[in-house]
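Since the structure is predicted, the reported quantities are computational estimates derived from the model, not experimental observations. Numbers restart at 1 for each chain; the letters A, B, ... are given by sequence-line order, proteins then strands.
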There are 2 protein chains.
Amino acid sequence: MKSVSIKDIAREAGVSTTTVSFVLNGKAEEKRISPDLKNKILKLAQSLNYKPNQLARGLRTGSTQTVALIVEDISNIFFANISKVIEDELDRFGYRLMYCSTENNDKKAVAIMEMLLQRQIDGFIITPTIGIRKILEQLAANQAAMVLIDRYFPDLPISYVAVDNYAGAFQSVAFMINQGYSNIGIVTIEYEQVQMERRYQGYEDALRAHDIPIKPNLIQKIPFGLAATDAVEAISNFVSREPAMNAIFFTTNYLGTYGIESLKLLRKNIPSDMAVISFDDSDLFRLNSPSITVVRQPFEEIGHNAVRIILDQLLGKSRELRQVILKPSLIVRESVKQPVPG
Amino acid sequence: MKSVSIKDIAREAGVSTTTVSFVLNGKAEEKRISPDLKNKILKLAQSLNYKPNQLARGLRTGSTQTVALIVEDISNIFFANISKVIEDELDRFGYRLMYCSTENNDKKAVAIMEMLLQRQIDGFIITPTIGIRKILEQLAANQAAMVLIDRYFPDLPISYVAVDNYAGAFQSVAFMINQGYSNIGIVTIEYEQVQMERRYQGYEDALRAHDIPIKPNLIQKIPFGLAATDAVEAISNFVSREPAMNAIFFTTNYLGTYGIESLKLLRKNIPSDMAVISFDDSDLFRLNSPSITVVRQPFEEIGHNAVRIILDQLLGKSRELRQVILKPSLIVRESVKQPVPG
DNA sequence: CTGAAAGCGCTTACAG
DNA sequence: CTGAAAGCGCTTACAG
């Protein structure tokens with residue numbers, strides 16, 4: 001499948017590749033190329049089904065007009081939603097989006113970054129894993145166009161867009177307390193990253209603010225990447241082990257999903273046996289019977305902000321450090337009700 | 001951020017770029033380069049943090065070691081599952097996967113194909129939209145490495161991997177009939193593509209095989225891409241309009257999800273008011289109360305087969321036309337029960 | 001054992 | 001108004 005090049009067009013048209021290149025790049029007027037010649041070249045390109053080779057163009061210009069989006073898992077609805085916003089927006093500025101999932105695996109994340117760097121990607125929108133900190137530092141030192149989303153390194157001079165995880169968690173737990181719950185557990189991820197730490201801290205502080213003691217056995221940490229069945233089992237054990245616990249805060253959507261499965265297996269009724277709030281929204285939470293109260297992250301705003309920041313960098317408008325923290329919102333549904341007294 | 005090239009390494013090492021290239025490509029032995037020199041170059045590349053420029057390499061060799069996966073919607077769990085299988089498998093053969101979503105939009109699909117063609121992608125795994133038929137024909141004529149998944153053009157000489165949609169639908173509807181239902185409706189997508197046609201045909205034939213007349217008013221077609229709220233409304237109207245209908249077959253996962261929402265809004269009980277089966281599985285179907293009976297597609301097998309076919313083409317092992325049809329399986333859960341007599 | 005040179009398909013400063 | 005030429009960073013056939 002030998003593709004046609006500007007050389008082919010030039011030969012057919014009887015002109016130089018320079019002229020063809022000018023015309024094809026819309027510089028005919030600027031370069032004062034005659035309209036007749038311009039049209040001839042355009043027609044020829046069309047009829048030969050010419051497709052510019054972006055590798056050659058990228059090699060020559062140093063720009064691929066491509067932005068990479070690196071997330072934890074593109075099939076997670078939270079990231080899928082964000083990526084759609086980002087893709088649509090970038091498209092309007094002539095940038096292509098290339099997405100990659102790290103699965104929160106440092107090795108995979110490093111490999112992805114290497115791969116992207118080799119492909120001369122213009123800009124990066126990244127949900128970082130801890131293991132790529134070094135790479136990000138280097139990129140930052142090299143003035144690469146880059147913005148972090150969802151999670152970030154507070155001490156690194158890299159722009160980010162995130163959500164007030166602390167407030168989202170605090171608000172959720174406070175809501176449960178105000179509804180009369182006091183034996184509130186938390187299921188979170190055993191992974192030392194800001195966003196999860198902040199959610200955990202919101203949980204603790206909400207309890208403390210209401211003079212409720214923190215009980216270590218109401219805290220369940222699940223290792224990241226645990227197989228679904230194992231995670232469900234861990235949560236089931238946790239629930240069975242703590243009969244006094246009557247409410248659980250799940251710090252992310254898949255944990256909430258596992259939780260619903262566990263409670264279903266245990267035949268625990270939501271909310272009469274167990275009140276539930278999860279971070280992140282999903283069809284499952286919305287349509288579950290009863291529907292699940294959630295902390296919704298404003299993914300449209302996250303996407304918009306990330307694109308604005310990366311474009312400012314790419315278009316050379318601004319390289320200033322931006323640290324955007326957006327407010328999540330508690331969507332009250334049916335999974336937290338006044339508990340039966342006694 | 002000027003990156004280091006083999007020229008830099010060559011200069012530092014006091015050798016030619018040829019030698020550096022040989023070493024970096026693991027041809028030191030073959031080209032009989034002295035071990036000392038080899039190590040020196042390797043060390044140098046390491047310490048200079050050399051990253052090969054894949055654009056240059058791709059331009060020169062004509063191969064980018066990249067396969068594109070074009071699906072309808074990467075956030076649909078069915079496609080997300082397939083893509084993970086494909087990505088992992090290709091990775092083991094040194095190929096990168098680049099994924100794109102068409103959203104079943106012909107214009108977007110064409111734009112994606114153009115973009116990929118310009119980027120010298122080595123192979124294509126495609127869930128085609130109707131509008132890219134022409135492009136696929138051209139690619140096929142040019143011997144491009146390519147395989148279609150999920151849907152295909154039966155009359156085009158292009159390999160594909162799909163599921164026996166007819167059998168899946170037939171089995172579902174026959175199951176409902178055997179459970180005692182006879183007023184079985186169908187909610188499908190108004191879109192003229194094989195896979196949906198086959199599912200619809202399975203529905204019709206199952207009814208016919210059991211001497212149940214086809215009633216046009218039990219057939220609801222939803223335009224593809226209809227906003228969620230509108231689709232839910234359309235299904236609600238459909239359900240309300242046909243009080244005699246006591247079972248519905250949904251031909252794809254998001255329709256099933258809309259259906260559950262509609263039934264919930266209408267306060268219809270599954271299965272006592274309405275039995276439900278949907279094509280494709282999901283957490284929502286599995287965890288819903290009651291859990292939803294589904295036709296599960298063997299996504300692992302789909303992915304494996306697609307990769308095997310594309311690799312055979314890429315590695316030049318085989319270009320033969322392969323038409324793989326896999327069997328889906330009915331997963332019986334709680335959403336179809338014997339209806340109350342009368 | 002190693003290197004000079006051509007060339008992949010573009011873009012663009014320079015010249016006329 | 002248009003073209004010859006250099007060069008982006010690689011790989012590789014050819015030569016010695």
Side-chain angles (χ1 to χ4, degrees), chain A residues 1-42 44-45 48-66 115 117-122, chain B residues 1-42 44-45 48-66 115 117-122:
Chain A
M1 184 179 177
K2 51 199 63 65
S3 49
V4 336
S5 71
I6 56 172
K7 214 188 278 180
D8 300 314
I9 300 178
R11 190 180 342 95
E12 291 280 318
V15 298
S16 75
T17 58
T18 307
T19 305
V20 174
S21 177
F22 285 155
V23 169
L24 260 23
N25 285 306
K27 294 186 180 170
E29 277 70 41
E30 182 189 330
K31 300 292 178 179
R32 323 204 69 217
I33 289 164
S34 74
D36 279 4
L37 182 52
K38 173 186 157 184
N39 285 330
K40 181 175 173 190
I41 290 172
L42 253 21
L44 223 37
L48 292 176
N49 195 19
Y50 170 73
K51 307 246 181 286
N53 181 324
Q54 297 296 347
L55 297 187
R57 199 202 292 252
L59 180 59
R60 177 57 227 236
T61 64
S63 156
T64 52
Q65 297 293 104
T66 304
M115 184 274 292
L117 256 16
Q118 296 184 181
R119 284 171 200 240
Q120 322 302 116
I121 297 295
D122 292 351
Chain B
M1 186 177 175
K2 47 201 65 68
S3 49
V4 338
S5 71
I6 56 171
K7 214 188 280 179
D8 300 314
I9 299 178
R11 191 179 342 97
E12 291 279 316
V15 298
S16 75
T17 58
T18 306
T19 305
V20 175
S21 177
F22 285 155
V23 171
L24 261 21
N25 285 306
K27 295 186 181 169
E29 277 69 42
E30 181 188 330
K31 298 294 177 177
R32 325 202 67 216
I33 289 164
S34 73
D36 280 1
L37 183 50
K38 173 186 158 185
N39 285 330
K40 181 176 174 188
I41 290 172
L42 253 20
L44 223 36
L48 291 175
N49 195 20
Y50 170 75
K51 309 245 180 288
N53 181 324
Q54 298 294 348
L55 298 186
R57 198 202 295 249
L59 179 60
R60 177 59 225 239
T61 63
S63 155
T64 52
Q65 296 293 103
T66 303
M115 185 273 292
L117 256 16
Q118 298 183 178
R119 287 175 195 238
Q120 322 302 116
I121 296 296
D122 292 350

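Counting non-hydrogen atoms under 4.0 angstrom, K38(B) reaches nothing in the nucleic acid. Among the heavy atoms of the strands lying under 4.0 Å from K31(A) is at least one base atom, whether or not backbone atoms are also near. L55(B) comes within 4.0 angstrom of nothing in the nucleic acid, heavy atoms only. K27(B) comes within 4.0 angstrom of the backbone, heavy atoms only, and of no base. Residue S21(B) is classed as a base contact, given a heavy-atom separation below 4.0 Å to a base.
Regarding contacts with the backbone of dG9(C), every side-chain N or O of S5(A) stays at 4.0 angstrom or more from both OP1 and OP2. When the side-chain nitrogen and oxygen atoms of T19(A) are compared with OP1 and OP2 of dT2(D), none of them lie within a distance under 4.0 Å.
Between R119(A) and T66(B), the closest side-chain pair of non-hydrogen atoms falls below 4.5 Å. Within the 4.5 Å cutoff, the side chain of N53(B) has heavy atoms near those of the Q120(A) side chain. Inter-residue side-chain proximity for R57(B) and N25(B) is flagged as met; some heavy-atom pair is nearer than 4.5 Å. Taking the side chain as every heavy atom from C-beta outward, V15(A) and V20(A) approach each other to under 4.5 Å.
Under the Watson-Crick or G-U wobble criterion, with both distances below 3.5 Å, dG3(D) is paired with dC14(C).
T18(B) and S21(B) are not linked by any side-chain donor-acceptor pair at a separation below 3.5 angstrom, with hydrogens and angles left out of the test.
The CZ atom of R60(B) sits 11 Å away from the C1' atom of dA5(C) (whole-angstrom rounding). One atom, CD1 of I6(B), and another, P of dT2(C), lie 16 Å apart when rounded to the nearest Å. Put simply, CG on L24(B) is 15 Å from P on dG9(D), counting in whole angstrom units. In this structure, Q54(A) places its CD atom 18 Å from P of dG9(D), rounding to the nearest Å. We find that CD1 of I33(B) is positioned 7 Å from C1' of dT2(C), with the value rounded to whole Å. To the nearest angstrom, C1' of dT11(C) lies 13 Å from CG of N53(A). For Q118(B) and dT11(C), the CD to P distance is 11 Å, given to the nearest whole Å. Rounded to whole angstrom, the span from the CD1 atom of I9(A) across to the C1' atom of dG9(C) amounts to 12 Å.
Remark: the T18(B) side chain and the dT11(D) base include no donor-acceptor N/O pair separated by less than 3.5 Å.
Remark on DNA chain C: of its neighbouring residues G14(B) and L59(B), the 5'-side contact belongs to G14(B), judged by nearest-heavy-atom nucleotide. Residue whose closest nucleotide on DNA chain D sits further toward the 5' end, between L37(A) and R57(B): L37(A). Of the two residues near DNA chain C, K7(A) and N25(A), the one whose nearest nucleotide lies more 5' is K7(A).
If you run side-chain contact (heavy atoms from CB on, under 4.5 Å) between L42(B) and each of L37(B), I9(B), L24(B), only L24(B) comes through.
Residue T61(B) has its side chain nearest to dT11(D) when only dT11(D), dA4(C), dC10(C) are considered.
Using atom P as the reference point in both dC1(D) and dT12(C), the two lie 22 Å apart (nearest Å).
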